Amino acid sequence: MERTHWEEDWTVMASGLQVVEARVKGSGAGMEPPESAVLKDGWRVYAPKVGPQRRVVLAASGATGDGETLCTVQGCRELGKAPGGTIVLEPCEPTGSSQPR
């Protein structure tokens, strides 16, 4: 099985979630970084040209093996390792509350 590691850094803005940096280690079909990517410590690093997103939807097929890992200042948690519905990431309300989906 081919393994391509992919990491993204996102920030929360008033306009939504903004990806600020992506890193790809290895290569695979559909996983090629743009030509502008820079090689740093074995990772191809670049700034995706995507505007703020009101929400980010992840598939939870269980077919990716490891699922996704979401890390925040509060720690990391695994998402989507087992088959299930989609996982929706969106900014919290200004009060800090959020509604699980």
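From a predicted model like this one, the values you see are computed outputs, not experimental measurements.
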(message) Quick check for you: to the nearest 0.5 Å, what is the distance between Leu79 atom CG and Leu89 atom CG?
(response) 6.5 Å
(request) With rounding to the nearest 0.5 Å, note down the distance linking CD in Glu8 to CG in Leu70. (result) 11.5 Å
(message) Does anything in residues 39-54 form a salt bridge (charged side-chain N to carboxylate O under 4.0 Å, His left out)? List the pairs, not counting sequence neighbours.
(response) none
(message) Distance check, rounded to the nearest 0.5 Å: Lys25 atom NZ versus Trp6 atom CH2?
(response) 15.5 Å
Only pairs under 3.5 Å count here: list side-chain donor-acceptor contacts from residues 13-24, not counting sequence neighbours, and write none if there are none.
residue, atom, partner, partner atom, Å
Gln18, NE2, Val50, O, 2.7
Glu21, OE2, Arg23, NH1, 2.6
Arg23, NE, Glu7, OE1, 2.9
Arg23, NH1, Asp9, OD2, 3.0
Arg23, NH2, Glu7, OE1, 3.1
Arg23, NH2, Asp9, OD1, 3.1

(message) If hydrophobic clusters are built by linking Ile, Leu, Val, Met, Phe, Trp and Tyr wherever their side-chain heavy atoms come under 4.5 Å apart, do Tyr46 and Trp43 end up in the same one?
(response) no
